Amino acid sequence: MRGIVPIILILNAAASAAPLPVDALWESEGFRRAFTASYGVDARIEPKVTAAEKALLGGVAARMAKGDRSGAAAALAGSELLGGSAALLFNLGGLRFEQGRRDDAIENFEAALKLYPNFRDAHRNLAVALVQEGDLGAAEPHLRRALELGAQDGLTLGLLGYCHSSAGRPQAALQAYRTAALTMPDEAQWKLGEAGALLELEELAAAAAIYQEVLELRPGQAGIWVNLADVRLRQGEPLLAIADLEVARRLGGLAPDDLLSLGHLYLNESLPERALEAYRAGLAAEPPAPLAGMVG
């Protein structure tokens with residue numbers, strides 16, 4: 001029976017050109033450190049503050065040191081200085097972003113940039129909020145501008161890599177992700193982004209090596225096993241792909257279409273009982289895999 005079923009469905013998530021989602025990034029300690037580090041004001045590249053603004057920011061910092069971020073945000077929002085101060089608007093935007101008020105944060109960052117167009121971290125933080133909103137086209141120019149203004153942090157570079165990848169520019173994405181990893185070496189999202197870019201560039205062995213490296217640290221990430229299986233298939237290693245998909249399946253991370261693909265792989269390896277089991281699981285899923293996926 002070997003070879004009778006063309007493998008045309010393979011890997012619902014990984015076979016597309018879409019980059020790995022960055023949702024996991026927002027929960028990482030590296031992201032929190034990189035984002036909140038920008039609450040200060042760097043006089044070399046950021047707007048100068050008046051004595052009154054400095055006094056207000058000192059009070060805000062004291063509240064934040066006590067964990068009272070809501071009180072800190074209220075102090076900024078209620079200040080008559082807010083509308084004319086890029087620094088205060090920027091800090092309020094950061095606090096509102098942390099509170100999940102992204103629309104308000106975006107408005108604050110944009111207002112800060114109107115007052116001080118070369119506000120580097122305001123460009124970067126605005127881009128972060130826009131990426132979370134899914135507006136990568138609007139985010140990318142702000143990431144580029146932050147780099148032009150001297151940003152060298154991994155968050156700016158990594159998110160630019162994500163924008164490049166989403167726009168179908170794998171070579172540029174690869175360069176950005178690799179540079180991001182220099183300052184955020186423990187951030188798995190940049191490693192996964194690099195692997196995805198390598199996959200798009202058909203550098204299969206290098207992509208597989210990165211996926212395996214990440215899986216040594218995060219063996220419970222089903223989506224990475226699925227992506228590794230895609231690499232195995234492109235390398236002509238269907239048995240290794242089956243093994244990877246089975247790990248993802250046991251972790252509960254196989255989409256219905258991927259279950260049908262697993263069934264096809266088993267059938268190609270003359271394992272009809274395993275194939276039938278995978279097909280049934282795909283059709284029993286909610287929502288079920290499309291019947292069209294059963295056709296080679």
Side-chain angles (χ1 to χ4, degrees), residues 1-25 27 165-166 168 170 177 188-296:
M1 292 177 65
R2 183 182 294 273
I4 64 172
V5 181
I7 304 301
I8 60 173
L9 283 184
I10 302 302
L11 307 189
N12 183 36
S16 70
L20 195 74
V22 293
D23 292 352
L25 173 68
E27 301 301 321
S165 184
S166 298
Y177 282 131
Q189 290 302 116
W190 307 153
K191 295 178 182 178
L192 294 173
E194 179 183 352
L198 289 166
L199 188 58
E200 289 296 310
L201 294 167
E202 295 296 325
E203 296 186 32
L204 303 180
I210 293 175
Y211 285 136
Q212 289 174 300
E213 176 188 346
V214 175
L215 285 170
E216 288 180 3
L217 301 173
R218 301 185 176 194
Q221 297 291 312
I224 305 176
W225 287 104
V226 173
N227 279 21
L228 180 57
D230 182 47
V231 178
R232 301 301 196 194
L233 286 171
R234 297 191 192 195
Q235 290 177 314
E237 298 283 357
L239 291 177
L240 290 178
I242 287 173
D244 294 332
L245 288 173
E246 277 294 353
V247 174
R249 180 186 182 186
R250 293 172 190 182
L251 290 170
L254 273 193
D257 282 359
D258 295 334
L259 286 165
L260 295 192
S261 295
L262 179 58
H264 288 353
L265 287 169
Y266 273 130
L267 200 56
N268 276 352
E269 297 300 321
S270 301
L271 295 168
E273 292 182 1
R274 292 290 185 90
L276 184 59
E277 179 185 349
Y279 288 146
R280 284 174 172 167
L283 293 174
E286 185 60 42
L291 290 175
M294 298 290 293
V295 180

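Residues take their numbers from the sequence shown, with the count starting at 1. When reading the values below, keep in mind they use all heavy atoms of this one structure, side chains included, and skip hydrogens, waters and symmetry mates. In this text, all values refer to a predicted model and were calculated from it rather than measured experimentally.
When all heavy atoms are compared, the tightest approach of Ile210 to Ala195 is CG2-CB, 3.8 Å. Taking every heavy atom of both residues into account, Pro287 and Pro256 meet most closely at O-CG, 3.3 Å. The shortest non-hydrogen separation linking Ser165 to Tyr177 is CB-OH, 4.3 Å. Nearest heavy-atom pair across Ala248 and Ala222 is CB-O, 3.7 Å. Here the closest non-hydrogen pair linking Leu254 and Arg249 is CD1-CB, 3.6 Å.
Every salt bridge (charged side-chain N to carboxylate O under 4.0 Å, His left out) that Arg232 has, sequence neighbours left out, goes to Asp244.
With Val231 as the partner, the side-chain contact (heavy atoms from CB on, under 4.5 Å) test is satisfied by one option alone out of Leu199, Leu240, Leu198: Leu199.
At least one side-chain heavy atom of His264 sits less than 4.5 Å from a side-chain heavy atom of Tyr279. Between Val214 and Gln221 there is no side-chain heavy-atom pair separated by less than 4.5 Å.
For the atom pair CD1 of Ile242 and CZ of Arg274, the computed distance is 9.0 Å after rounding to the nearest 0.5 Å. With rounding to the nearest 0.5 Å, the separation of CG in Asp257 from CG in Leu262 is 12.5 Å. Atom CD of residue Glu246 and atom CG of residue Leu265 lie 10.5 Å apart, to the nearest 0.5 angstrom. Atoms CG and CG, from Leu267 and Leu260 in turn, are 12.0 Å apart once rounded to the nearest 0.5 Å. In this structure, CG in Leu192 is found 4.5 Å from CD1 in Ile224, a value given to the nearest 0.5 Å.
With a 6.0 Å radius and a threshold of 12 heavy atoms from other residues, nucleotides or ligands, Glu202 has its CD atom above the threshold.
Glu277 has no carboxylate O lying under 4.0 Å from a charged side-chain N of Arg280, or vice versa, which leaves the two without a salt bridge.
Not a single donor-acceptor pair under 3.5 Å links the side chain of Trp225 to the backbone N or O of Gly220.
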